[in-house]
Number of protein chains: 2
Amino acid sequence: MADRPRSRQIVDAARELLETEGADALTMRRIADRLGIRAPSLYKHFPDKQAVEAELIAQGLAEMADAQEAAVAAEPGQPLVALGAAYREYALAHPHLYRLMTAGPLPRHLLPDGLEARAALPLVKAVPDEHRARAVWAFAHGMVILELDGRFPPDADLDPAWRVGMATFST
Amino acid sequence: MADRPRSRQIVDAARELLETEGADALTMRRIADRLGIRAPSLYKHFPDKQAVEAELIAQGLAEMADAQEAAVAAEPGQPLVALGAAYREYALAHPHLYRLMTAGPLPRHLLPDGLEARAALPLVKAVPDEHRARAVWAFAHGMVILELDGRFPPDADLDPAWRVGMATFST
DNA sequence: GTCTATAGTGGGATAGAC
DNA sequence: GTCTATCCCACTATAGAC
């Protein structure tokens with residue numbers, strides 16, 4: 001806590017705001033409030049708001065990659081089922097961050113080299129055919145985002161939908 | 001053009017703004033500009049902005065339902081393939097409207113009764129198992145939204161991904 | 001049904017002093 | 001690296017006159 005660099009403190013504050021209150025709360029003013037400073041001071045550490053958001057996206061992608069890698073390591077027999085479960089779990093545990101990561105184009109020029117590829121790698125290894133891999137990703141993302149957006153019936157049990165989807169793609 | 005009711009003109013102007021410039025351009029001021037009036041005048045015809053958006057969402061859902069119904073009628077042998085193609089085609093033809101229709105919770109209390117169910121019906125008939133139907137919808141929505149958001153590699157040919165997904169769910 | 005005027009809120013970002 | 005002061009922007013929405 002003590003002397004983490006300011007830039008790190010800023011990203012941490014931004015993340016807590018995002019995760020607890022959502023994207024609307026993620027403003028330069030609110031970030032500064034959390035640190036007990038004024039908003040203009042943030043611009044000594046980051047050129048603009050997008051740069052702060054890019055850090056959060058990078059964190060999310062790295063954590064998602066970790067989760068995916070751990071999932072296949074733990075359940076090598078059914079990689080696709082393990083990947084799907086880990087994907088869903090991470091997204092539902094960090095809904096606002098997941099949205100930030102996936103809504104709109106990635107600011108690729110602001111992300112570490114290779115990060116996007118690393119996040120995709122476990123799926124690519126489990127599903128070598130690229131077209132099939134894209135289809136699986138679309139299924140998983142669609143399930144997550146429709147759930148987060150409250151688009152399924154409120155009482156719908158989604159476990160069977162995940163199961164049938166993952167089973168279908170596993171064959 | 002002449003004497004369509006003002007409320008209708010407002011919705012038409014809103015739709016043209018949304019479709020041509022995206023959600024950020026859909027403001028009460030811009031709508032009023034298009035009609036040559038001032039923004040406050042709009043509030044004599046609609047209680048608030050959400051009511052205007054709900055009209056657009058209702059239009060989109062109805063048009064999507066039309067497209068789905070026409071698709072199964074034209075290709076009764078492979079309903080799922082026809083539905084997927086029609087879904088994708090409508091979404092890509094109206095990307096901003098599609099986003100408005102699918103991002104966030106539906107304002108169900110502002111939509112005509114039964115409209116949401118009508119839009120879902122062709123898929124429900126083609127895929128009687130509700131879990132499987134949800135999985136198919138998630139796949140289709142995921143494919144569309146990832147494409148609209150530029151998340152697939154820029155040079156990716158998505159036709160094979162759609163084919164493999166639809167074929168997989170058809171068996 | 002339109003207008004003017006305005007309230008109220010919020011945002012990102014910069015200049016320049018210290 | 002922080003501050004104050006400020007700019008400029010934009011939005012939804014209401015009140016009240018005509």
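Just so we're clear, the structure is a prediction, and the values are computed from it rather than from any experiment. Every chain is numbered from 1 and lettered A, B, ... according to where its sequence line falls, protein lines coming before strand lines.
One interatomic measurement links the two molecules: NZ of A:K49 to P of C:dA13, which rounds to 8 Å at whole-angstrom precision. To the nearest angstrom, P of D:dT2 lies 13 Å from CE of A:M28. Protein atom CG of B:L35 is 13 Å distant from nucleotide atom C1' of C:dT2, rounded to whole Å. What separates CG of B:L42 from C1' of D:dT14 is a distance of 14 Å, to the nearest Å. Look at OH on A:Y43: it is 7 Å from P on C:dT14, rounded to the nearest Å. If you take CZ of B:R38 and C1' of D:dT12, they are 17 Å apart, rounded to a whole angstrom. Across the protein-nucleic acid pair, B:R30 atom CZ and D:dT12 atom C1' stand 16 Å apart, rounded to whole Å. At whole-Å resolution of the value, CD1 in B:I31 and P in C:dT2 are 14 Å apart.
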Step by step, work out the side-chain contact (heavy atoms from CB on, under 4.5 Å) result for A:L111 and A:E116.
CA-CA 8 Å; A:L111 297 179; A:E116 189 182 6; 5.6 Å; no
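Comparing B:P47 and A:A39 by the nucleotide of DNA chain D whose heavy atom lies nearest to each, the residue mapping closer to the 5' end is A:A39. Toward the 5′ end of DNA chain C lies the nearest nucleotide of B:K44, the other residue of the pair B:K44 and A:R29 mapping further downstream.
Few gaps surround CD on A:E69; more than 12 heavy atoms of other groups in view lie less than 6.0 Å from it. Surrounding CD of B:E89 are at most 12 heavy atoms belonging to other residues, nucleotides or ligands under 6.0 Å away.
For A:D48, the listed nucleotide lying nearest its side chain is C:dA13; candidates were D:dT2, D:dT12, C:dA13. Each of C:dG1, D:dA13, D:dA5 was ranked by its minimum atom distance to the side chain of A:P40; first place goes to D:dA5.
Judged as a side-chain hydrogen bond (donor to acceptor under 3.5 Å, both in side chains), the pairs with a partner in residues 46-59 of chain A (not counting sequence neighbours) are, in order, A:R15-A:Q59.
A salt bridge links A:R118 to A:D66: at least one charged side-chain nitrogen sits closer than 4.0 Å to a carboxylate oxygen.
Residue-level contact check: A:S41 touches the bases, meaning some heavy atom is under 4.0 Å from a base atom.
Side-chain atoms of B:R6 stay outside donor-acceptor range of the base of C:dG1, with no qualifying N/O pair under 3.5 Å.
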